[in-house]
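Since the structure comes first, as structure tokens, the remarks are kept for the end.
So that the names make sense, note that chain A is the first sequence line, chain B the second, and so on, each numbered from 1.
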There are 2 protein chains.
Amino acid sequence: MHPIGFESHDHRHCIAEGVSAAEARCAEEGLQFTPVRRRVLEILLEQHRAMGAYDILEVLRAEGLGSQPPVAYRALDFLVSHGFAHRIERLNAFTACAYPGADHAPAFLICRLCRTVAEASAAPRAQLDKAAAEAGFLIERAVIEAEGLCPDCRNAA
Amino acid sequence: MHPIGFESHDHRHCIAEGVSAAEARCAEEGLQFTPVRRRVLEILLEQHRAMGAYDILEVLRAEGLGSQPPVAYRALDFLVSHGFAHRIERLNAFTACAYPGADHAPAFLICRLCRTVAEASAAPRAQLDKAAAEAGFLIERAVIEAEGLCPDCRNAA
DNA sequence: AGAGGCGATGTTATACTATATCAACCCCGA
DNA sequence: TCGGGGTTGATATAGTATAACATCGCCTCT
Ligand SMILES: [Zn+2]
Ligand SMILES: [Zn+2]
Ligand SMILES: [Zn+2]
Ligand SMILES: [Zn+2]
């Protein structure tokens with residue numbers, strides 16, 4: 001799957017789809033899409049970048065939605081555990097899922113200059129599955145993150 | 001390349017090779033393989049597991065080699081930046097390189113029960129390179145980490 | 001209506017991970 | 001001998017994450 005994040009696109013679509021996919025899944029599964037959770041997802045969806053929990057907390061605090069770390073971490077845990085957002089291990093940060101609703105094994109391309117995060121899906125996972133199978137290892141979660149320069153920053157440099 | 005770490009093997013060989021590869025490279029490149037750096041590498045080499053900086057610091061402290069966090073972090077930075085050890089992002093921890101001397105793009109299989117870390121090399125990286133190339137992204141560093149159950153823990157469960 | 005359960009939130013405190021900063025030291029070469 | 005680069009010592013602080021417990025709202029069962 002082609003990575004989403006670098007190329008210019010109708011980003012309102014990403015936002016709308018991200019929110020509505022979450023809404024739908026929560027309705028289906030009886031999960032509570034509370035104001036804090038919705039707002040945190042919206043904040044993440046505003047751009048294809050990774051944000052730290054404390055960055056998000058700052059926004060919540062300014063809006064009166066919560067002021068202590070657990071508020072942000074709980075919302076993020078909810079979003080991540082249900083696949084509406086992903087944790088970027090390399091940055092200790094979070095980003096909205098670019099393929100909400102799809103069952104997928106994400107891989108990320110992280111620009112170290114503009115911090116844009118593009119999400120690719122599936123393909124890079126295949127070889128890892130193969131290596132794991134050979135070793136008798138059962139993969140429960142895979143972290144695939146590449147750090148470098150996005151096309152724009154590459155051209156600028 | 002077949003992952004190193006799960007299967008039983010002559011582990012003294014891993015230790016000896018890890019230390020001597022580092023020794024050799026440091027001699028070649030005029031780097032200082034100081035007592036703290038050597039000892040930290042030895043600690044990491046003792047088992048195919050990831051250790052946190054503070055775990056390592058505890059050992060150093062007990063041996064009188066240093067007692068403050070920067071001591072451990074500096075040694076680890078040195079080892080990682082020269083490829084003698086790797087950082088495991090998923091665990092905020094470190095492990096000795098299983099292919100010292102080889103120019104390689106590591107991928108890790110991390111057991112969530114016994115914390116054993118096996119290092120595979122090269123193959124899982126290919127698809128990621130492909131996805132990146134298509135997107136015009138320049139990879140400078142890739143993190144490929146799978147978390148799950150190793151063969152032993154799988155059988156035990 | 002009242003009791004109880006459950007999940008979400010509020011709040012405080014604390015644990016864990018990592019780095020900035022500056023002083024001291026050591027080795028080596030000018 | 002003097003200086004410079006790199007390493008170490010030591011203090012302080014920044015940044016990330018969770019434990020623990022009180023409270024609240026909502027639904028359900030009696
Ligand atoms: Zn977008
Ligand atoms: Zn996704
Ligand atoms: Zn070994
Ligand atoms: Zn295991």
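Heavy-atom distances to DNA chain C give each of A:A75 and A:P70 a nearest nucleotide, and the one nearer the 5′ end belongs to A:A75.
B:E29 and B:H82 form no side-chain donor-acceptor contact under 3.5 Å, judged by distance and modelled atom types alone.
Counting heavy atoms from C-beta on, the side chains of A:R25 and A:F84 come closer than 4.5 Å.
When each of D:dT8, C:dT17, D:dA17 is scored by its nearest atom to the side-chain atoms of A:N92, the top-ranked nucleotide is D:dA17. Between D:dA10, D:dT18, C:dA8, one nucleotide has an atom nearer to the side chain of A:T34 than all others, and that is C:dA8.
Of all heavy-atom pairs spanning B:H86 and B:V80, the tightest one is C-CG2, 4.2 Å.
Separating the CD atom of B:Q68 from the C1' atom of C:dA20 is a distance of 14 Å, rounded to the nearest angstrom.
At a cut-off of 3.5 angstrom, counting only N and O atoms as typed in the model, there is a donor on one side and an acceptor on the other between the side-chain of B:Y54 and the base of C:dA18. Side-chain atoms of B:R74 stay outside donor-acceptor range of the base of D:dG6, with no qualifying N/O pair under 3.5 Å.
At D:dG9, none of the side-chain N or O atoms of B:S67 fall inside 4.0 Å of OP1 or OP2 (strictly under the cut-off). OP1 and OP2 of C:dT19 both lie 4.0 Å or more from every side-chain N or O belonging to B:Y73.
Across all strands shown, A:Q32 has heavy atoms under 4.0 Å from sugar-phosphate atoms exclusively, and none from any base.
Heavy-atom neighbours of A:E7 CD from other residues, nucleotides or ligands within 6.0 Å: at or below the threshold of 12.
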